[in-house]
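Report on the following structure.
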Protein chains: 2
Amino acid sequence: MTRTSLADVACSIARATDLFGDAWTALIMRDVLTGIHRFDDLAHDLGISRKVLAARLARLVEEGVLVRERYQEHPPREQYRATEKGAELHAVLMALMAWGDRWYAGEAGPPARIRHLDCGRETTPVTACGHCGGPVTAANTTELPGPGGRTGPGTQVLGPLLAARAARAPQAAQAAQAAQAEYAADDTGR
Amino acid sequence: MTRTSLADVACSIARATDLFGDAWTALIMRDVLTGIHRFDDLAHDLGISRKVLAARLARLVEEGVLVRERYQEHPPREQYRATEKGAELHAVLMALMAWGDRWYAGEAGPPARIRHLDCGRETTPVTACGHCGGPVTAANTTELPGPGGRTGPGTQVLGPLLAARAARAPQAAQAAQAAQAEYAADDTGR
DNA sequence: CATTCGGGTTCCCTGAAGGAACCTATCCGA
DNA sequence: TCGGATAGGTTCCTTCAGGGAACCCGAATG
């Protein structure tokens with residue numbers, strides 16, 4: 001975990017990574033969403049220090065990503081479950097998994113597969129445009145400033161860069177072409 | 001960053017987070033993919049310690065996610081650029097950003113917007129099934145063991161759990177229903 | 001000839017991760 | 001009634017990585 005808090009940076013990636021940008025947190029959410037809910041099971045599965053696990057779970061509960069609930073009174077037993085906010089981190093896990101599968105699976109093949117219950121098939125989740133459903137990649141997107149954006153810690157250079165990019169090409173098509181030209185130039189020019 | 005290496009865990013999420021599960025790494029990739037390529041710009045933009053930035057960049061180059069290249073000889077100047085492997089981390093960044101936008105944007109609105117150049121519209125990237133194109137969520141997927149899976153550190157409990165799940169319901173439809181039933185039961189029950 | 005710039009490296013200090021032991025409450029079996 | 005097991009942590013100590021600032025080096029610039 002970073003010592004400098006990223007929660008106040010005007011960037012949703014920074015805000016998300018402030019919580020999620022810790023290796024254990026991702027694996028804890030993987031386990032909880034897969035069906036491992038108990039402290040000891042998590043500790044045993046991950047091989048994590050119990051102290052660190054307790055700290056991570058407390059943070060995740062505090063952030064509203066998990067809930068801690070008593071599932072039996074005698075003896076008192078607790079478990080951790082994902083909230084809606086936590087369940088939506090599934091998308092991040094799928095993206096990480098797809099990337100890991102692609103670049104690190106090696107000869108043995110992927111360690112796990114995902115079955116999409118809506119169509120019944122094994123799937124590799126892809127990132128798609130919410131409007132047209134087409135693939136979203138670094139090459140076919142451009143980032144523009146948003147209403148909540150500001151220049152500050154974590155966006156000291158990025159803020160002005162996006163603002164300049166928006167000013168240079170206020171029309172969608174122009175922004176698109178400028179960004180693509182830059183990307184193409186980047187690829188050839190190295 | 002975690003002290004215990006996750007690179008050897010039989011889980012693509014663990015392998016991906018071993019590299020990417022560090023708050024700074026995500027932000028460095030955000031910047032490089034957005035167009036910030038120089039050491040000083042990265043250091044200034046992020047407010048990161050120069051020492052840590054140097055270590056992160058070296059790791060990312062070593063992993064083949066970035067390349068370090070000289071863009072001018074006199075005086076010698078270096079810059080960092082994303083490889084194909086690095087550019088594909090864009091999907092992870094999009095998922096993090098979408099989640100951060102949804103849960104932390106607040107009144108001010110999202111700090112940045114994404115324009116999808118293929119359709120020309122501002123988009124919220126979604127995670128979709130590679131086959132049917134439908135949405136992929138925690139609720140409509142189930143995880144099954146894959147060829148490269150094994151029980152070991154990081155999957156001590158998870159491995160057997162997935163194996164049992166697959167054994168209980170070897171058919172796709174059955175696996176689907178079992179997983180959904182469990183998910184529903186989880187919400188009401190224990 | 002001093003300054004600036006880009007791209008780092010070195011130093012020390014603090015705080016978080018690892019690891020193991022310990023604690024509490026309850027149940028189970030002999 | 002005692003011993004042990006189980007679940008869910010907490011406490012303690014050590015080590016190591018992050019933060020911050022200073023420093024360094026080669027090349028251009030005034």
Side-chain angles (χ1 to χ4, degrees), chain A residues 1-6 8-9 14 17-19 21-28 31-32 36-62 66-81 153-154 156-157, chain B residues 1-9 14 17-19 21-28 31-32 36-62 66-81 153-154 156-157 190:
Chain A
M1 198 188 274
T2 329
R3 303 269 282 286
T4 19
S5 169
L6 298 172
D8 295 331
V9 175
T17 49
D18 182 61
L19 172 69
D22 161 63
W24 289 129
T25 302
L27 293 181
I28 291 169
D31 277 9
V32 170
I36 301 179
H37 300 291
R38 296 195 332 235
F39 188 95
D40 268 29
D41 286 344
L42 289 167
H44 183 215
D45 187 59
L46 300 175
I48 187 178
S49 153
R50 301 171 69 79
K51 178 181 105 174
V52 175
L53 178 57
R56 286 293 167 284
L57 290 172
R59 173 88 198 281
L60 290 167
V61 167
E62 191 185 324
L66 295 180
V67 285
R68 180 174 185 266
E69 57 189 30
R70 185 158 291 193
Y71 66 93
Q72 118 184 350
E73 285 294 334
H74 298 289
R77 290 289 178 262
E78 317 286 342
Q79 67 179 2
Y80 294 89
R81 314 190 49 71
Q156 207 67 251
V157 176
Chain B
M1 197 188 272
T2 327
R3 302 269 283 284
T4 29
S5 169
L6 298 172
D8 295 332
V9 174
T17 49
D18 182 62
L19 173 69
D22 161 64
W24 289 129
T25 302
L27 294 182
I28 290 169
D31 277 8
V32 171
I36 301 179
H37 300 292
R38 298 202 325 244
F39 189 94
D40 268 28
D41 285 344
L42 289 167
H44 183 215
D45 187 58
L46 300 174
I48 188 178
S49 152
R50 301 171 69 80
K51 176 181 106 174
V52 175
L53 177 58
R56 287 292 167 285
L57 290 172
R59 174 88 199 280
L60 290 168
V61 168
E62 189 184 327
L66 295 181
V67 285
R68 180 172 185 266
E69 59 189 26
R70 186 158 292 193
Y71 66 93
Q72 111 183 358
E73 286 294 335
H74 296 290
R77 291 289 179 262
E78 316 287 342
Q79 67 180 2
Y80 293 89
R81 314 191 50 73
Q156 208 66 253
V157 176
R190 28 177 181 164

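Throughout, a chain's letter reflects where its sequence line sits, starting with A, and its residues are numbered from 1.
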Does a side-chain N or O from [X] land closer than 4.0 Å to OP1 or OP2 of [N], or not?
X	N	result
B:W24	D:dG19	yes
B:R70	C:dG7	no
A:Y80	D:dA7	no

A:R77 and A:Y71: side chain donor to acceptor below 3.5 Å: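 There is no such pair (donor and acceptor under 3.5 Å, judged by atom type) between the side chains of A:R77 and A:Y71.
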
Is the base of [N] touched by the side chain of [X] through a donor-acceptor pair closer than 3.5 angstrom?
X	N	answer
A:R38	D:dG8	no
B:R50	C:dG7	yes
B:K51	C:dG8	no

What heavy-atom pair brings A:A26 and B:T17 nearest, and what distance separates the two atoms?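 Minimum heavy-atom separation between A:A26 and B:T17: CB-CG2, 3.5 Å.
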
Specify the closest pair of heavy atoms between B:L42 and B:I28, including all atoms of both residues, with the distance to one decimal.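 Answer, listing the atom of B:L42 first, then B:I28: CD2-O, 4.5 Å.
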
Atom pair distance, as rounded to whole Å: [atom1] in [X] and [atom2] in [N]:
X	N	atom1	atom2	value
B:I28	C:dG8	CD1	P	12 Å
B:D40	C:dT9	CG	P	13 Å
B:Y71	D:dA27	OH	P	15 Å
A:R59	D:dG9	CZ	P	18 Å
A:Q79	D:dG9	CD	P	12 Å
B:L53	C:dT9	CG	C1'	13 Å
A:D18	D:dG18	CG	P	16 Å
B:H44	C:dC5	NE2	P	12 Å

Supply the atom-to-atom distance A:I36 CD1 to A:D41 CG, rounded to the nearest 0.5 angstrom.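 Those atoms lie 6.5 Å apart.
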
Heavy atoms only, 4.0 Å cut-off, all strands: where does A:R68 land among base, sugar-phosphate and nothing?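 Answer is sugar-phosphate: A:R68 comes under 4.0 Å of backbone atoms only.
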
Looking at A:S5, is its backbone amide N or carbonyl O close enough to the side chain of A:D18 to form a donor-acceptor pair, meaning the two atoms are under 3.5 Å apart?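 The answer is no, because no donor-acceptor pair under 3.5 Å joins these two groups.
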
Could you say whether A:P76 or B:I48 is positioned toward the 5' end of DNA chain D, judged by the nucleotide with the nearest heavy atom to each?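 The residue whose closest nucleotide sits nearer the 5' end is A:P76.
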
Pairwise 5' ranking along DNA chain C for A:S49 and B:D41, keeping only the more 5' one: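 Going by which nucleotide is closer to the 5' end, it is B:D41.
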
